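Encoded as structure tokens, the structure appears first; notes follow it.
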4 protein chains.
Amino acid sequence: MGASTFLRRLFGGRGGTPGGVQHLCALCDALLSESGEYASTALAREALAAYQGLDERGRSQLFEVLARDYSPSPEAVGRSASAYQADPSPDTLARLLETVEPARQELFRRLNMAPGGTAALVEMRRVLLRNLKANPGWRVIDADLMHLLRSWFNRGFLRLERIDWRTSALVLEKLIQYEAVHAIQGWRDLHRRLEADRRCFAFFHPQLPDEPIIFIEVALTRSMSAHIQPLLDIASPVTPAHPDCAMFYSITNCQEGLRGISFGNLLIKQVAEELKREFPHLRRFATLSPIPGLRRWLDRKRSERPQELAALARLEQPDWHLGEDTEALQRMLPRLCAYYLLHAKQGDEPLDPVARFHLGNGAALERVNWMGDSSGSGMARSAGLMVNYVYWLSELERNHERYWREKAIAASPQVEKLARECVLAAPPEKGAAA
Amino acid sequence: MGASTFLRRLFGGRGGTPGGVQHLCALCDALLSESGEYASTALAREALAAYQGLDERGRSQLFEVLARDYSPSPEAVGRSASAYQADPSPDTLARLLETVEPARQELFRRLNMAPGGTAALVEMRRVLLRNLKANPGWRVIDADLMHLLRSWFNRGFLRLERIDWRTSALVLEKLIQYEAVHAIQGWRDLHRRLEADRRCFAFFHPQLPDEPIIFIEVALTRSMSAHIQPLLDIASPVTPAHPDCAMFYSITNCQEGLRGISFGNLLIKQVAEELKREFPHLRRFATLSPIPGLRRWLDRKRSERPQELAALARLEQPDWHLGEDTEALQRMLPRLCAYYLLHAKQGDEPLDPVARFHLGNGAALERVNWMGDSSGSGMARSAGLMVNYVYWLSELERNHERYWREKAIAASPQVEKLARECVLAAPPEKGAAA
Amino acid sequence: MGASTFLRRLFGGRGGTPGGVQHLCALCDALLSESGEYASTALAREALAAYQGLDERGRSQLFEVLARDYSPSPEAVGRSASAYQADPSPDTLARLLETVEPARQELFRRLNMAPGGTAALVEMRRVLLRNLKANPGWRVIDADLMHLLRSWFNRGFLRLERIDWRTSALVLEKLIQYEAVHAIQGWRDLHRRLEADRRCFAFFHPQLPDEPIIFIEVALTRSMSAHIQPLLDIASPVTPAHPDCAMFYSITNCQEGLRGISFGNLLIKQVAEELKREFPHLRRFATLSPIPGLRRWLDRKRSERPQELAALARLEQPDWHLGEDTEALQRMLPRLCAYYLLHAKQGDEPLDPVARFHLGNGAALERVNWMGDSSGSGMARSAGLMVNYVYWLSELERNHERYWREKAIAASPQVEKLARECVLAAPPEKGAAA
Amino acid sequence: MGASTFLRRLFGGRGGTPGGVQHLCALCDALLSESGEYASTALAREALAAYQGLDERGRSQLFEVLARDYSPSPEAVGRSASAYQADPSPDTLARLLETVEPARQELFRRLNMAPGGTAALVEMRRVLLRNLKANPGWRVIDADLMHLLRSWFNRGFLRLERIDWRTSALVLEKLIQYEAVHAIQGWRDLHRRLEADRRCFAFFHPQLPDEPIIFIEVALTRSMSAHIQPLLDIASPVTPAHPDCAMFYSITNCQEGLRGISFGNLLIKQVAEELKREFPHLRRFATLSPIPGLRRWLDRKRSERPQELAALARLEQPDWHLGEDTEALQRMLPRLCAYYLLHAKQGDEPLDPVARFHLGNGAALERVNWMGDSSGSGMARSAGLMVNYVYWLSELERNHERYWREKAIAASPQVEKLARECVLAAPPEKGAAA
């Protein structure tokens, strides 16, 4: 970008944008045209500071400029593509790549040089994602950020760390703040979750030293847990040694700005190996998981097949599970749940997002638990049911491969039987999409 | 890459390549087509191991395949470019980027997931660079590796570490091995270079934990050093406290595989700041630098202007500097050196590579030192001369900017005077390119 | 101690003691007579476990045995002393030392070998101290523990560590638990005390890795604070940079079992040096301190000189300071306070323990602050007054020396004037002891 | 110590001592009489510096003063002892202890407060020990230093650290310098001893952070090594994985100033446990040890029983083992060695110091190795023989206890048979002391 562009932009070239954004865009152009390294680090630092000073409206204007002015020129692309077609040599390829790569990418790479640059770009993507639906044109920015962040957050750069009561308070308070599955009620609750019968692990990245990227909470138990409330009870006694089961009861992605970059399966696998090393006698690694899409699916099914599912009307009553005569539901719901997990699809994968995640990792659907989560949200989301997915270390790869090749779901005979006994399993809807 | 390609390649599609390379290519294709993360980490690991098992010939064959089969298809590029030209939308841009990016880049990103992946790719580029001249077609591979390594070795990821006698022997022995300017003669020599009147700093990268990327050696002195031998003398006494000068006497890039990614200017700047913090009374940061191109240039000039430079014939004699009557040379050579540094050009930059580096960083040419390096190589490369470049912290940015905008060289009045007094400064070649 | 003693003790030699104590004493005797090191480490470990299993009554019985049976034999002492007097040679001295040293010391040294031994002995002394008044005979145990702990907690072994929000939660929760001057109200309060305008430092000992020995809280302010409430206010804004004053507002000894071993003066001095390094522009290091003995002394004085001090009757009313017409007290109390600090004595040192501590460290009495602490306890202990002691780094040693040689108190002219104006300063008690 | 003593000493009280020592003694007295902590830390620092400035003669004079003037007064001891005999109360005991403890101990405790104090006292004892034979009166100083160092180097304060090629060069060069059993020939030799088939561990103390206290070198082998030369060969190949044997082939106490404080048995035990954790399949922990006293004992025996041991005359010839016809010696010497180890005594313990150490630790004498050490010193000390002591973890405590109670030596049947077959085993000296 030549000096003339630089000056035009600096002095009013972008009429509509207010001072802050205009100044920032000038900094970005200067940064892109700078060949010296001190200067560019200094400019990157200044540009980040300017970005952080923008309000919501300023950021929107910036994104507009980034989407509009930093994409490759269609004419230049056409020329480079033709040249490459005519003679696909290293030189024409190099020129093609250079022409096609949006200037945004180089801009973001240079911003990343400033102290705190990576964190700022993660944060920028967080803001961007929030507004992407309303501004589909900004998807070009997202694509560039995603491309770079995926490279910088390559698994090779992540390190697994155990979190316990010896961990820095700075990190611990972030667990409290980020926990997305079963909210942590302050420091006492957190402390209970880090006692001797619990484990917590997180991935960290060298550029975000005090920020967990993703973390998982594990309870060491004797036999596989069916209910979440005892695990979350602050007053529960610390159980004695010799666990045979590791229950993964919560896993949280902390950085919204890294959405779409998957860390979970790697985390579970490394944590399982770590635990196996510490407790060679662990026989089972299992989750105690919500079924977030169950209630919505039940409602839909009920409207489709009102007669067969009439009993589900009871779910509308508050605290229905505390009442009497719940036997019918206790028989019906687990079967519907098993059927839902095995047969309700989105494309050729399970409709349920948690099922997609664990089954895609190579876990097996092991058990459906009645009143697994009787909290308000547990009742609302999944009629109080929870499921266990089991990670058999020896079968992970096989399950994983069968899932990705054939979309085959590994499930225990018990769960398969439940699904077969489900009222919906019978005709008329034989094989129909759920 | 579809399954058919995969199978074709697996079963003999590349007739000419021997078993090892064929197997490795099959692994690479599998890695590119794998969507699950365990599997891809495992494949990446396996592919790296296969790569490390290849001999020279195998690597050449691999590079052939990488250059030939992993570049974008010209037809597809043409289609995507046309679509983008017709309608430059986020979707057409995304498709264009995807089509244009060589599959090699994704392959390298995935190899980087394996433990030791980054180190292996740096090493792969080292081997590639060595053979690039003979195989110009491989430049497409180099471009992709360079693109990724530049992103991963972004300055934001580097950390400065002091090296001293407390440092791990594993790292210290690498200094001995890598030192490129003034060879380190074993552990005693190294120890002397880490005494209380010396400093050594290196950049490290989280993915190469025991590998210095670049390191610099500094002597803390009273007044600016003119001669290198006293600094390199193992038996020299450790000088007392209160230095006023930091002499940068050696700077070595350790990783051939990162050639072209510049770390030196950032290192010098950070080290100068670090030293300023430790020794607030330091008045000067200067180098004691070789002039590697001087002798060759003198020879060339002598053949062009044999009469004026007749005295240089003496340089052909071994140990000429130990003889008598060197006054004439002692008068002539520093002037020629000053002239060389200020006026001999490659394009519009100095011909001398060390001058390009320091002047480009914003340093100033301060002094020419007679018999600055009387070692064999010092005599051979630069007739025993050395120069001091000075880093005035307050003027770095200005010098740097003037250098990059106008190719102006900051030099002391003393050096400018020497250049003016040079025999070549007179007509006939007034201002002619040197 | 021979095997016979061992067996006698093991099988009922100490009729009165219950099983646990008897077993423990047997272990102690075995430990003392053991010459092999594995065995003694194992025995030490077992003995500590047995000790930790004792209840209150068991510990009392143990202390009885330790006081009675592990002191040197008077006869043997007599013999060794005579031998030494007759011939004061290395051998007679060695024998004398051996005879005189209570077996308890060797026992404690051996217990200290077990993992956690040091912590257990510190804890044992804590229990012992609590019961010392009621059991004066146990002072012999205390003397031995003190002798050893003083040696093991030699300042050379302590390391200063900064405490901030990056510190381990394990350590931070101990600050909440131990803080003795201004109680910390949970994690939010703690967090406020570790913000950017605060500093906290502690001494740690290698044998008690997660246990602060003593810690100090510092507020960085502009000008010297006169009131404690603003410093303790969780909602107070974090003040901007460029402090000129470091206010030591709380210092807490954490380990009751180390009572009598002084760490405070060293801590204050090291912290002042540390802060001076971080903030070269700090002009003043001062405390904001309570005057814990003031109210009690005022009450005593009032009963001695009821007429002159009649106005003090008002202090009996709750919330007197919230009422009107406090001018008389506002004039009288600071003068009495200054008089108290300068003239009320215990022996030849100040009666007030906080004054003894700071003045003995070399600080100077700088200012008396009206309503420095208007909390309930502040009103109750010192009628709402607080004082500033100033640590002038350049005068510490001189003040310190004058204090210890002449018991001279360094005070500002302002405080000295207040004391002279005090109603008690006049005859009849001119110079009499307060 | 009152001020008058102080002044007397300062101004010439010790006529004979030169300026440096006189000044130091004045500092020591001031240090002992100082009650403030800053002052005493400053004095301790100054006194240490003065001590370090003394030459050999100055130190001797200092030791004279320390031995003469800092022992308890015989009269005061007599009085305190009588008072304690008359009434053995806490107070009389406290006074007795105070009177009896040499002022040296408090002096050393106070010197220990200075930075580097512990190291300086360890060094002081090293110098003292060297001159103790010539100056028996200094034993009182040694007793006090030993008393304190034993307490400060209590095993509870030691931490085990693995030493490898990642360790600081500062520590590694000390291994080269200290190694006392099989000298390390520079950095390459050291590197070989830290390769993947070797382990090295050391104890460190928090007050001597860069100083190993004791270290051990281990070779991981398949089957028990009989010869030391292959283990010491720099060029030997690094052996593949899956060792079944850990050979302790060198153990060195580094700090002469800690002589008499035993660390070795604890080190061996902890290292064995550490190795067992890393290599669960290790079947045997054994030493390959010299028999330092063998040759001397053989010479003595030969002079006692010249006829039976006539064959030993051959040992006088240089390189006898390289000659022919060594069968007779090859039969005779191992038997004599076994006899020596089992029956030659010093008191009721083995005469051989290495045997005393390992057998006292609970090891068992396993095997005698012909030409175990064919180096010059190996031939000179023990006629080329070496022995293996085995540490069976499960039998350590039993062996240890039997050794200490009955002085019973655990030996393999094979070694016992060798001893029975020894020419000296027959009458006339049946069972007589060797």
Side-chain angles (χ1 to χ4, degrees), chain A residues 45 49 52-53 115-116 119 159-179 183-202 204-213 215-218 234-235 238 240-241 250 252 254, chain C residues 45 49 52-53 115-116 119 159-179 183-202 204-213 215-218 234-235 238 240-241 250 252 254:
Chain A
R45 196 184 299 235
Q52 272 145 2
R159 60 174 203 281
L160 183 70
E161 284 193 14
R162 167 129 184 235
I163 305 280
D164 59 20
W165 199 236
R166 269 201 172 76
T167 302
S168 141
L170 185 56
V171 168
L172 292 182
E173 79 172 349
K174 296 212 170 123
L175 300 196
I176 298 179
Q177 173 188 338
Y178 289 139
E179 160 71 63
I184 301 176
Q185 315 292 342
W187 289 87
R188 275 191 57 222
D189 187 358
L190 177 63
H191 195 173
R192 178 64 191 88
R193 298 191 193 196
L194 301 173
E195 286 279 12
D197 60 348
R198 301 297 173 88
R199 288 294 177 276
C200 179
F201 292 91
F204 286 85
H205 186 273
Q207 285 304 91
L208 276 69
D210 299 313
E211 276 289 343
I213 305 298
F215 68 93
I216 192 167
E217 296 165 64
V218 187
I234 298 182
V238 175
S250 183
T252 294
C254 305
Chain C
R45 196 183 298 237
Q52 271 145 3
R159 60 174 201 283
L160 183 71
E161 285 194 10
R162 166 130 183 235
I163 305 279
D164 59 20
W165 198 237
R166 270 201 170 76
T167 302
S168 140
L170 186 56
V171 168
L172 292 182
E173 78 173 348
K174 294 204 172 132
L175 300 197
I176 299 179
Q177 173 188 338
Y178 290 139
E179 160 71 62
I184 300 175
Q185 315 291 344
W187 289 88
R188 274 190 60 220
D189 187 357
L190 178 63
H191 195 172
R192 178 64 191 91
R193 297 192 193 196
L194 303 173
E195 286 280 12
D197 60 348
R198 302 295 173 88
R199 288 294 178 275
C200 179
F201 292 90
F204 287 84
H205 187 272
Q207 285 304 91
L208 275 70
D210 298 314
E211 277 288 342
I213 306 297
F215 67 96
I216 191 166
E217 296 165 64
V218 187
I234 298 183
V238 175
S250 183
T252 295
C254 305

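Just so it is clear: chains get the letters A, B, ... in the order the sequence lines come, proteins before strands, and each one is counted from 1. Since the model is a prediction, treat every value here as computed from it, not as a measurement.
With a 4.5 Å cut-off on non-hydrogen atoms, C:Asp164 does not touch chain A at all.
Taking NE2 of A:His191 as the reference point, atom CG of C:Leu170 lies at 7.5 Å (rounded to 0.5 Å).
Crowding of C:Arg188 atom CZ: a count of heavy atoms from other residues, nucleotides or ligands under 6.0 Å not exceeding 12.
The closest side-chain donor-acceptor pair between C:Glu173 and A:Trp187, if any, does not fall under 3.5 angstrom.
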